[in-house]
Structures are given as structure tokens and as C-alpha cells.
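For clarity, every value in this text was computed on a predicted model and none was experimentally measured. Note that the numbering runs from 1 along the sequence shown for the chain.
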Amino acid sequence: MTAASVPRDARRSGALGDTIFKAACQGAGIFVLLLLGAIIVGLFIGGWDAFRTFGPAFVTGTDWDPVQEVFGAGVSIYGTVVTAVLALVMAVPVAFGIAFYLTELAPTWLRGPVGTAVELLAAVPSIIYGMWGFFMIVPFMAQTFQPALIDTLGELPVIGALFSGAPFGTGIFTASLILAIMVLPFIAAVMRDVFNTVPPVFKESAYGLGCTTWEVVRNVVLPYTRVSVVGGIMLGLGRALGETMAVTFVIGNANRISTSLFGPGNTIASVVALEFGEATMGSLKLSALLGLGFILFVISFIVLALSRLLLRQRMAK
């Protein structure tokens, strides 16, 4: 059927539909930008009093004293970055192993149940992870895991400081472990789905050349899916950076920087969750909390920008 044979009314209707669809898509994209900008501007304006009062010391300072109205974000920034990085260090290898197993090694009848179980982990509310961590993981850490590492690794000359201190159970390491469990299903599900998008002919060709399963995954699957894999990892990192209640239960909520991974600490999200209800409207404390939210947004943006930069450099090679 040629364009001339199509009725004029049908062509007008199709053109009108395309115009409406294009406008709707543009509106959705602009709405996202406006919403993002509104959040950034709102947090910055809300935290302006704290930025103006303390200056750069608000970012680097380690004092958080609501009585004296002295606020510094250094401890919470440290806790946020360390717990998120440790969570990824724990979660990414396990997530890769799960995705590798489900796409290459698991029998067909087992892939469905295991994949469903992984996805169900993502549906568990964070408050449940926090309660489970506090009542189950913290006692195990305090009675078994931490004493064993303190007596062994804690005696080593260089890394011993990371595993020293009293075995309270709560602390940076426990919070990182809970975060790792929470972000694991997101990363594993993304890896599994993108691994399945690799054309079978690519893998079959590699197997035909004599490659092992690991060589196929390393030399074919990962190069083909690296952008999406990094995207899944960044999704997990975003969840780890902003997680609130689960971390609040198990991190210890102490405003100090400890050299030991077993020491207590806090994160930006946990500080905001604990103290936002006590901040009065227009107070310097409320401004400091909103400033913490702005800093968390900036950290997330920097991490995303660095990941994009690394991907662009790899793709250029």
C-alpha cells in the first residue's frame, strides 16, 4: 500500500498521534529534569544556613553537637562511603557468581526457582533487614565472628588496626554486610538479565574454538555486557549510599571515625533518620540535616560521573 492510497483522514490521524506521542515523551523527559533540579535546589536552599555558618568545615568537620549548635558532616560522609564500598566489595563477586551460575551452569529446571528467590530478596523491606540484622547478625558477630578475627587478623602489624577493638557486634562492618545482602539481588538480577542478552552464536563460536566456560564468560559475555553490568553495580551502589533504617539498626550510631571496621559509626542517611524528627523548623540543625542530604546527592552524582567516565575510556580503547 502506497502513501497515496492511504485515506487523507487516516494520514492526518496518524500525524496527530505522532505529534501527541512526541510531545508526551518530551514532557516526560523535561519533567524528570525539572524534578531533579527542584530536589537539588530545595536541598541546597534548605542547607544554605549551615553552609554559610560553618563554611568548608561543615564538610570536613567531625563534631556534631546539637546542644552547642556545632555541626560537621565528616563522620557521616566517611561512614557512608566506607559502608557502601565495603558492601559492593562483598556483593559484586557473589552477584556475579549467581548470574554466572544461572546463565551458564545451572540446569534448566533450577534456574527459575533460584532466580525467583534472588528477586524475592529485593522485595524484603529494609526495616526487616535491619531487625533481622540486629537480632540475628549482631549477636553472631559479637560472640563468634568478630572475636575470631580480632584474635587472628587483629594481631597482624599492618592490617591489624582494621580488625581491632571490642566485639560489640554493631559497627561499620556489620552495616556493610547488611547492605551487601540488600544490594545483592539488584546486581545479580541485572547481571543475569544482561548475560542472557548475549547472542548464542557468539558463545557457540567461542566454544567451537575450544574455550572453556570461564573463558567464554570472560572474553565474550563480559565485554559484550560491560556497560549494563556497570549500570547494575551503580544501581546497587545507589541503594547502598541511601539506605537508612537497616543501617541505623546495626551501625552503632556513634559520631566518631574509627580505624577499626568493627567500630561504631554513622552514615548520612542514618543521621537524618535519627535526628530529623527533633529538628525544629528554621533551626540550624534542620539546615544541617538538609545540607547532609545535598552532600549525599553530590556524592551519588560524583560516583555516577566517574563510572560513566571509566566506561567511556574503556569503550574508546
Short side-chain to backbone donor-acceptor contact, Ser164 and Gly154, under 3.5 Å:
no
Ile172, Val250, Ile137 screened by side chain to side chain contact (heavy atoms under 4.5 Å, CB included) with Leu177, the one that passes:
Ile137
By side-chain contact (heavy atoms from CB on, under 4.5 Å), which residues pair with Ala288, not counting sequence neighbours?
Ala50, Phe58, Trp64, Phe71
May I ask you to decide if Thr248's main-chain N or O and Asn253's side chain share a donor-acceptor pair within less than 3.5 Å?
yes
Side-chain donor or acceptor of Asn255 paired with backbone N/O of Gly265 under 3.5 Å:
no
Could you walk me through whether Val190 and Val229 pass the side-chain contact (heavy atoms from CB on, under 4.5 Å) check?
CA-CA 7 Å; Val190 171; Val229 168; over 6 Å; no
What are the two closest heavy atoms between Ile178 and Gly133, and how far apart are they?
CD1-CA, 3.8 Å
Closest heavy-atom pair, Ala246 versus Glu243, reported as atoms and distance to 0.1 Å, is N-OE2, 3.5 Å
Residues two or more places apart in sequence or in another chain: which of them pass side-chain contact (heavy atoms from CB on, under 4.5 Å) with Ser228?
Val194
If I compare all heavy atoms of Ala175 with all of Thr83, which pair ends up nearest, and what's the gap?
CB-CG2, 4.2 Å
State plainly whether one hydrophobic cluster holds both Leu35 and Val41, where clusters connect Ile, Leu, Val, Met, Phe, Trp and Tyr through side-chain heavy atoms under 4.5 angstrom apart.
no
May I ask you to decide if Met141's main-chain N or O and Thr144's side chain share a donor-acceptor pair within less than 3.5 Å?
no
Please identify each residue that fulfils salt bridge (Lys or Arg N to Asp or Glu O under 4.0 Å) with Glu104, with sequence neighbours left out.
Lys203
Tell me, please, which residues at least two apart from Pro199 pass side-chain contact (heavy atoms from CB on, under 4.5 Å).
Val201, Phe202, Tyr224
Ignoring hydrogens and angles, tell me if any N or O in the side chain of Arg226 forms a donor-acceptor pair with the backbone of Pro223 under 3.5 Å.
yes
With distance as the sole test, does Thr53 use its side chain to make a donor-acceptor pair with the main-chain N or O of Phe51 at under 3.5 Å?
no
I'd like to know whether OH of Tyr207 has more than 12 heavy-atom contacts from other residues, nucleotides or ligands below 6.0 angstrom.
yes
Hey, does the side chain of Ser270 reach the backbone of Asn266 with a donor-acceptor pair shorter than 3.5 angstrom?
no
Verify same cluster id: Val247, Val272 (apolar side-chain graph, 4.5 Å):
no
Show your working on side-chain contact (heavy atoms from CB on, under 4.5 Å) between Thr213 and Val216 and close with a plain yes or no.
CA-CA 5 Å; Thr213 303; Val216 169; 5.7 Å; no
CE (Met90) with more than 12 external heavy atoms under 6.0 Å:
yes
Hey, is the main chain of Gly46 close enough, under 3.5 Å, to the side chain of Ser287 for a donor-acceptor pair?
yes
Would Phe168 and Thr174 satisfy side-chain contact (heavy atoms from CB on, under 4.5 Å), going step by step from the backbone distance to the final call?
CA-CA 10 Å; Phe168 292 116; Thr174 305; over 6 Å; no
With the threshold set at 4.0 Å, does a side-chain nitrogen-carboxylate oxygen contact exist between Glu69 and Lys285?
no
Donor-acceptor under 3.5 Å (Glu215 side chain, Thr212 main chain)
yes
Which residues pass the salt bridge (Lys or Arg N to Asp or Glu O under 4.0 Å) test with Glu119, sequence neighbours left out?
Arg192
Closest non-hydrogen atom pair between Ile77 and Val59, with its separation:
CD1-O, 3.7 Å
Nearest non-hydrogen partners of Ala95 and Ile187, listed with the distance:
CB-CG2, 3.7 Å
Which atom names give the shortest non-hydrogen contact between Ala91 and Val183, and what distance separates them?
CB-CG2, 3.7 Å
Name every donor-acceptor pair, under 3.5 Å, that has one atom in a side chain of residues 96-103 and the other anywhere in the protein, sequence neighbours excluded.
residue : atom : partner : partner atom : Å
Thr103  : OG1  : Ala99   : O            : 2.7
Thr103  : OG1  : Phe100  : O            : 3.4

